[in-house]
Asker: 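Here it is: the structure, laid out below.
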Amino acid sequence: MNLSTIPTVALVGNPNCGKTALFNALTGSRQKVANYAGVTVEKKEGLAELPDGRRLRIVDLPGTYSLRARSPDEAVTRDAVLGRLPGEPAPDVILCVADATNLGLVLRLALELKTTGRPVVFVLNMIDIAERQGIEIDVDALSRALGAPVKATVATRRRGLDTLLEIAAAQAEGASDLGPDLWREPSAADVRNGHRAARDLMRNTVRPPSRPDTLTGRLDGILLHPAAGLVILLGLLFLMFQAVFAWAAPLQDLTEAGFAALGAAATAGLPTGWMQGLVVDGLIAGVGSVLVFLPQILLLFVFILLLEDSGYMARAAFLMDRIMGGAGLHGRAFIPLLSSFACAVPGIMSTRVIDNRRDRLTTILTAPLMTCSARIPVYTLIIGALIPERTVGGVLSLQGLVMFGLYAAGILSALAVAFVIRKVLWRGGSEPFMMQLPDYKIPDPVNLLRNLGQKAWAFISRAGRIILPLMVLVWALSTWPSAPEGAEGPAIAYSAAGRIGHWLEPIFAPIGFSWEMVVALIPGMAAREVAVAALGAIYAVGGAEGDLAGVLSRQWPLASGLAFLAWYVFAPQCVATLAVVRRETGGWVWPGIMFAYMLALAYLAAFIVYRVAAAFGLS
Amino acid sequence: MSSDALRAAPESAVRLGDMQPGFCGVIVAVRRPLGAAPGATDPEELELRLLEFGFVEGARVEVLHEGPIGGDPIAVRVDDMRVALRRSEAMNVILAEASA
């Protein structure tokens with residue numbers, strides 16, 4: 001089927017109007033639905049099929065209040081609607097998607113879309129909620145007044161979708177006689193006139209709710225309360241991190257046991273030799289030591305998705321704006337930074353919701369300082385090995401306190417870096433903080449599971465494509481060349497990895513790193529968690545017995561271990577993050593600055609920690 | 001709306017940025033901010049932004065909540081939509097008090 005003959009239908013609407021849910025329902029594709037204003041950042045398209053076999057190409061465009069673009073996202077919407085995107089056909093039909101309970105702003109947008117001269121279909125989505133609230137909409141009158149077909153739908157229940165597709169297809173067929181494109185960048189007077197026209201339209205066609213939603217107001221009374229709201233927010237964050245560590249443990253034990261059994265089976269089944277070493281020590285141990293953290297990452301994503309889909313994320317941004325603003329960050333930076341606790345890559349991608357380039361760059365530069373889940377393996381390993389399992393003050397675990405300290409160090413340094421960027425790189429005013437507070441909703445479990453599945457698959461495929469080859473490389477580097485006959489000490493000292501480690505050792509000696517630690521840092525550049533697998537490979541190949549934590553606790557001085565943790569708070573050890581920063585900032589300048597400043601901070605922090613700890617006699 | 005909208009507004013006019021939760025009013029003017037600091041959002045841009053979020057003459061506004069630190073930002077209802085904004089931005093929205 002020739003794609004170019006399929007009519008293109010663009011979905012345009014305000015943030016939070018259910019546009020992405022409609023896109024999913026029309027195309028059956030697996031996409032993300034969120035309540036937070038502006039989470040739809042990438043162009044998404046899919047094919048919709050009518051009952052008679054005709055097809056429509058559906059493009060989901062970022063939510064906007066106007067074609068006047070304020071951010072890169074909204075520029076995409078404007079250019080797509082106007083047919084200005086290179087290599088993209090102009091849409092044959094524009095579906096203007098409205099939240100039927102909240103028509104005030106979208107009617108003005110619909111009038112603006114009409115000026116492009118392209119056929120517009122006005123979609124009254126979430127009509128069931130409007131009906132429940134007793135909102136009465138005169139569809140025929142609205143259609144006449146807008147000069148566009150109007151169709152009521154419920155995307156999540158697939159109500160009205162076939163008719164909508166019929167209307168869109170009919171409009172696309174008549175699209176040869178386009179009206180003239182009269183769109184121009186609206187001035188303040190244009191927006192005022194648009195609102196006036198939209199208000200007249202509403203007065204004549206919509207009867208306000210007889211049973212308005214009061215739940216959101218009542219919930220906001222608690223969740224936005226100056227004291228209770230902050231306590232609840234902190235409680236939620238605390239619960240989130242408790243869950244990540246406590247609830248994931250049984251699943252992690254299971255994963256570990258599974259890979260141990262797999263390794264034992266492979267050892268028994270394969271002849272002794274380098275092949276057995278590659279499979280057992282390289283592949284199975286390597287992948288296992290990374291996959292064991294999948295349960296934690298999934299739990300973290302469950303929390304973030306629940307907060308987004310329920311509408312709470314915007315409230316969190318509201319509560320945090322002043323606190324973030326003190327460090328020169330925008331309230332909206334809260335979501336990208338919170339996502340960065342799972343992974344900096346989606347965090348940096350979600351900075352597109354910040355309109356102002358400076359605010360956005362500040363957020364991008366500080367996002368990798370948030371403790372991402374890839375650091376968890378490193379932290380848990382070193383803490384488990386070196387910090388005694390002891391309680392402080394009767395209730396708090398010392399290991400938990402150290403972990404908390406590492407998270408706090410990341411957050412505080414991110415705020416400090418943002419503050420310095422604000423003072424040094426640019427001064428002056430900040431971006432306005434204006435954001436819709438969407439109605440609360442119960443998250444759709446099907447969507448949640450879909451999103452979670454995508455995240456899990458992204459992590460697993462990353463483990464496969466990036467981490468697996470690196471594990472084999474590390475295993476090979478630490479195996480060859482093999483030790484000469486009758487040599488003293490572990491064989492790995494003679495290998496290529498050992499030589500690189502020894503060669504770099506003088507640079508890292510002032511911060512207390514042994515050559516084994518240096519060797520682990522090298523593959524750790526590709527992805528932070530690989531350092532754990534690399535340490536496993538180095539010590540397993542080095543002939544040490546017992547589990548890795550036990551080995552480390554015998555071989556690493558406490559001061560060096562603490563310095564290693566401090567290094568990991570800051571080190572720019574993730575190629576994927578640097579690559580996404582390059583993509584989002586359009587050059588190597590900003591990833592270069594990020595790499596340099598984080599490396600400098602890592603070395604400095606490790607140096608200070610090592611020297612202070614050594615002074616207290618911990619080496 | 002010209003920059004001297006505040007002067008043209010009636011005696012009872014107040015700025016949204018000064019209001020406390022519970023206040024209800026009708027917008028009489030949305031003005032372009034005066035003497036913006038260098039590097040701040042372009043005054044015309046802020047006016048347009050306010051307009052696009054529904055802060056337009058004649059709209060009913062109710063202050064619902066304020067932020068935990070320094071009462072900033074504020075959450076308001078503009079007609080049938082809830083919006084959060086900072087007090088400094090809300091200073092450009094001029095209201096006449098209305099009964100709730």
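Chain A is the first sequence line, chain B the second, and so forth, proteins listed ahead of strands; every chain is numbered from 1.
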Asker: Quick check: do A:Arg68 and B:Glu52 have side-chain heavy atoms less than 4.5 Å from each other?
Answerer: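 A:Arg68 vs B:Glu52: side chains touch.
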Asker: Please classify the contact between A:Leu109 and chain B as side chain, backbone, both or neither, with a heavy-atom cut-off of under 4.5 Å.
Answerer: neither
Asker: Once you round to the nearest 0.5 Å, how far does CG of B:Leu51 lie from CG of A:Asn193?
Answerer: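 One finds 10.5 Å between CG of B:Leu51 and CG of A:Asn193.
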Asker: Assess the residue pair B:Asp80 and A:Met202 against the criterion (side chain to side chain contact (heavy atoms under 4.5 Å, CB included)); give the C-alpha distance rounded to whole Å, side-chain angles, the decisive distance to 0.1 Å, and a yes or no.
Answerer: CA-CA 12 Å; B:Asp80 53 0; A:Met202 247 184 101; 4.2 Å; yes
Asker: Once you round to the nearest 0.5 Å, how far does CZ of A:Arg196 lie from CD of B:Glu57?
Answerer: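 If I round to the nearest 0.5 Å, the distance is 7.5 Å.
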Asker: Taking NZ, NE, NH1 and NH2 as the nitrogens, is one of them in B:Glu47 or A:Arg192 under 4.0 Å from a carboxylate oxygen of the other?
Answerer: yes
Asker: Taking side chain as everything from C-beta outward and backbone as N, CA, C, O, which of these in A:Leu230 sits under 4.5 Å from a heavy atom of chain B? Side chain, backbone, both or neither.
Answerer: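 Only the side chain of A:Leu230 comes within 4.5 Å of chain B.
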Asker: Side chain from CB out, backbone as N, CA, C, O: work out which of these in A:Leu319 comes under 4.5 Å of a heavy atom of chain B, or both, or neither.
Answerer: both
Asker: Could you have a look at B:Arg82, B:Glu66, B:Met81, B:Arg77 and say which one has the most heavy-atom pairs with chain A under 4.5 angstrom?
Answerer: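 Heavy-atom pairs under 4.5 Å are most numerous for B:Arg82.
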Asker: Of all heavy-atom pairs between B:Pro73 and A:Phe433, which one has the smallest distance, and what is that distance?
Answerer: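 Closest heavy-atom pair between B:Pro73 and A:Phe433: CG-CE2, 3.7 Å.
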Asker: Do you know which two heavy atoms are closest between A:Leu224 and B:Ala75, and how far apart they sit?
Answerer: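 The answer is CD1-CB, 4.3 Å.
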Asker: Quick one: what part of A:Asp220 sits under 4.5 Å from any heavy atom of chain B, side chain, backbone, both or neither?
Answerer: both
Asker: For the residue pair B:Leu48 and A:Pro186, what are the closest heavy atoms and their distance?
Answerer: CD2-O, 4.0 Å
Asker: If I measure from the heavy atoms of chain A, does B:Leu64 come under 4.5 Å with its side chain, its backbone, both, or neither?
Answerer: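 Neither part, no heavy atoms under 4.5 Å.
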Asker: Need one label for B:Ala90: side chain, backbone, both or neither, based on atoms under 4.5 Å from any heavy atom in chain A.
Answerer: neither
Asker: To check you understand the geometry: which heavy-atom pair defines the closest contact between A:Phe318 and B:Ile74, and what is its length?
Answerer: CE1-C, 3.4 Å
Asker: Is it the backbone or the side chain of A:Thr216 that comes under 4.5 Å from a heavy atom of chain B, or both, or neither?
Answerer: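 It is both, since atoms from each part get that close.
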Asker: Only pairs of heavy atoms separated by less than 4.5 Å count here; which of A:Asn14, A:Asn102, A:Val191 has the most with chain B?
Answerer: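 Ranked by heavy-atom pairs under 4.5 Å with chain B, first place is A:Asn102.
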Asker: Kindly give the heavy-atom pair with the smallest separation between A:Pro226 and B:Pro68, and that separation in Å.
Answerer: O-CB, 3.3 Å
Asker: With a 4.5 angstrom heavy-atom cut-off, could you sort out which part of A:Arg199 is near chain B: side chain, backbone, both or neither?
Answerer: side chain
